[in-house]
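Structure first, commentary second.
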Amino acid sequence: MLGIAQRFNVTSTGRAHGPTMVFVHGFGCDQSMWRSVAPAFEATHRVVLFDLAGCGQSDSVAYCASRHSSLDGYAEDLLEICRELDLRDVVLVGHSVSAMIAVLAAAAEPSRFGKLVLVCPSPRYIDDGDYVGGFTAPDIDEILDALEANWLGWAASMAPVIAGNPDRPELGAELTAAFCRMDPEIARRFARVTFLADNRQDLAHVAVSALVLQCADDAIAPQAVGEYVHRHIPDSELVLMSATGHCPQVSAPAETIAAIEAFV
Amino acid sequence: MSRADAESAEDLYENAPCGYLTTDPAGRILRVNQTFVRWTALDRRDFADGATRLQDLLTAGGRFFYETQCAPMLRLQGMVREIALDLVCADGHRLPVLMNAALHASADGAGGLVRMTLFDATERRSYERELVAARDAEREARARSEELQLRLRAMNDELERLAHIDHLTGVANRRALHSQLHSLVARSRRHGTALGVALLDIDHFKRTNDTYGHEAGDAVLGNVAARLRDCVRLEDTVGRWGGEEFLIIAPDTTENGLAALCERARRVVCATPVRYASQSIRVTASLGWSVWPDESVEALIRRADDALYDAKSRGRDRVVAAQPAAA
């Protein structure tokens with residue numbers, strides 16, 4: 001039986017005995033999404049990162065179609081990691097779909113978590129009556145098509161990419177594992193789980209204080225959705241960022257770090 | 001190079017057989033070439049001053065993929081390759097493209113430029129779709145074939161099972177009993193293990209049929225079979241040997257054990273009457289039993305049958321042991 005650390009490619013940096021921050025990446029990526037943000041907390045916190053099942057370099061045994069047919073399965077994985085590392089009073093930072101995974105984990109074991117940071121969250125992507133999720137059902141089909149069209153291409157380019165990092169030239173050319181390398185079947189399943197999820201009811205069960213980071217002009221998690229999340233989590237704060245798009249931890253790391261720092 | 005061949009860099013850029021695009025890291029389009037303008041059938045002025053973002057020209061799927069994959073990857077890795085997107089043109093027509101893009105960071109670290117090349121991938125996209133469809137069809141066909149194999153095997157098993165069951169009573173039929181006997185005899189010959197058989201015949205069965213009707217007779221047969229099956233051990237076999245005749249095969253049994261088993265069977269048959277259509281039918285049975293060794297399966301059965309005949313002549317409703325086998 002593979003250890004948890006290997007199963008989910010868990011990395012732990014920062015202060016061995018500090019307050020803990022756990023970062024959870026969103027759909028179609030891996031923990032490297034936090035590359036520009038997580039290190040900022042290493043001086044003050046124990047920083048834990050991992051790859052979701054089926055993503056990045058998590059082991060293939062970690063993914064199970066039935067367990068991961070709902071976000072609860074992913075939340076269970078997260079809780080397992082926390083148990084194994086005996087993490088307490090965790091500041092849990094979740095991006096995109098993993099913001100909901102964080103919500104579910106916190107609702108299941110509230111004693112383990114001190115605070116939540118929800119980056120571009122959405123409890124439901126598909127519109128429903130008065131609820132604006134931002135997508136229609138045909139949109140979702142289109143998205144799944146777009147993913148298909150790209151992921152059959154990824155199979156060929158799954159070889160490691162030698163990339164110079166333009167932001168950090170001191171790193172030189174490094175052999176990075178192909179970013180967002182995902183088994184096409186897993187990608188399809190995860191996308192479906194993400195888009196068919198409805199976690200609106202779970203927001204009310206968040207018993208810790210939460211920070212909602214909302215980007216300007218986010219086509220995936222529009223402002224109305226961020227406001228909805230804020231309204232339905234009893235103890236929450238909403239911060240409207242000037243960063244645009246859906247990945248402020250990458251496109252505007254300084255602003256993201258500042259917002260989180262102010263909260264924790 | 002002659003004058004006629006001379007071509008400016010600008011020419012090269014504007015009229016290349018691919019689309020060239022420059023955006024800022026947030027996707028705002030800063031520069032396009034003529035080929036791109038022609039493809040999208042938009043007005044060049046739409047691209048002035050970053051008024052249009054690449055995302056605005058994509059489908060919902062493309063927008064999603066761009067925001068969650070391309071944009072972050074460009075910042076983290078500096079480039080993306082062979083991204084499949086669909087451009088939505090001015091007339092609503094969708095143009096499938098393949099995009100390569102590279103981020104050129106600015107000197108001060110803020111912002112930067114993203115340079116993109118787009119290739120018309122209409123042919124390739126439809127070809128890919130056909131490949132995917134063919135692969136999916138093949139997978140489905142294989143899955144269906146496996147499923148059919150499984151069902152076939154299950155049906156064969158069921159057929160096999162039915163061929164060995166007496167349909168009225170649900171116990172083994174004569175063919176199954178023969179088969180069981182022959183293999184147990186072979187085992188006894190090899191390992192010297194004990195084996196016994198008992199023939200049970202329902203007393204006055206013809207009379208029962210005449211008195212109560214054939215349906216009642218069938219009910220009696222079924223009932224007796226069930227009682228026998230319940231009173232034998234797990235390793236024993238109960239089967240229908242003939243019209244109103246049952247055979248019990250008892251491996252690994254001593255003579256005393258078999259005698260006791262037969263007496264138990266006799267008692268269980270007559271213990272309570274068989275109820276059928278508010279009738280109460282008294283049933284008794286005669287039994288004859290024999291043990292291996294003998295010359296053959298047939299000889300073994302014949303001895304049990306002789307003993308059964310004995311039981312009938314002595315008054316029925318009793319158990320009689322067979323004469324020992326000829327030495």
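The sequence lines fix the lettering, A, B, ..., with proteins before strands; numbering per chain opens at 1. These values consider heavy atoms only, across backbone and side chains, with no hydrogens, waters or symmetry-generated copies.
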Just by distance, with hydrogens left out, do A:Gln249 and A:Thr256 show a side-chain donor and acceptor under 3.5 Å apart?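 Absent: no donor and acceptor within the cut-off.
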| message | Once side chain to side chain donor-acceptor pair (under 3.5 Å) is applied, do any residues pair with A:Asp127, and if so which ones, sequence neighbours excluded? | response |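 Expected list: none.
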Side chain to side chain donor-acceptor pair (under 3.5 Å) filter on B:Asp166, not counting sequence neighbours, yields B:Thr169, B:Arg240
| message | Given heavy-atom pairs under 4.5 angstrom as the criterion, report whether the side chain, backbone, both or neither of A:Thr244 touches chain B. | response |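 For A:Thr244, the side chain is the part near chain B, not the backbone.
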* **CZ (A:Arg200) with more than 12 external heavy atoms under 6.0 Å** => yes
Original post:
Looking at A:Tyr63, A:Phe27, A:Phe195, which one forms a ring pair (Phe, Tyr, Trp, His ring centres under 6.0 Å) with A:Phe190?
Top reply: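 When A:Tyr63, A:Phe27, A:Phe195 are each tested with A:Phe190, the ring pair (Phe, Tyr, Trp, His ring centres under 6.0 Å) holds only for A:Phe27.
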Heaviest contributor of heavy-atom pairs below 4.5 Å to chain B, chosen from A:Thr136, A:Asp217, A:Asp218, is A:Asp217
| message | Quick check: under 4.5 Å, non-hydrogen atoms only, which of residues 13-52 of chain B neighbour chain A? | response |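 Only B:Ala26 of residues 13-52 of chain B have a heavy atom under 4.5 Å from chain A.
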Fill in: Plane angle bin for A:Tyr74 and A:His68 - parallel if under 30°, tilted between 30 and 60°, otherwise perpendicular
tilted
Side chains of residues 137-148 of chain B: which donor-acceptor partners sit under 3.5 Å, not counting sequence neighbours?
unit_1: B:Glu138; atom_1: OE1; unit_2: B:Arg142; atom_2: NH2; d: 3.0
unit_1: B:Glu138; atom_1: OE2; unit_2: B:Arg142; atom_2: NE; d: 3.2
unit_1: B:Glu138; atom_1: OE2; unit_2: B:Arg142; atom_2: NH2; d: 2.6

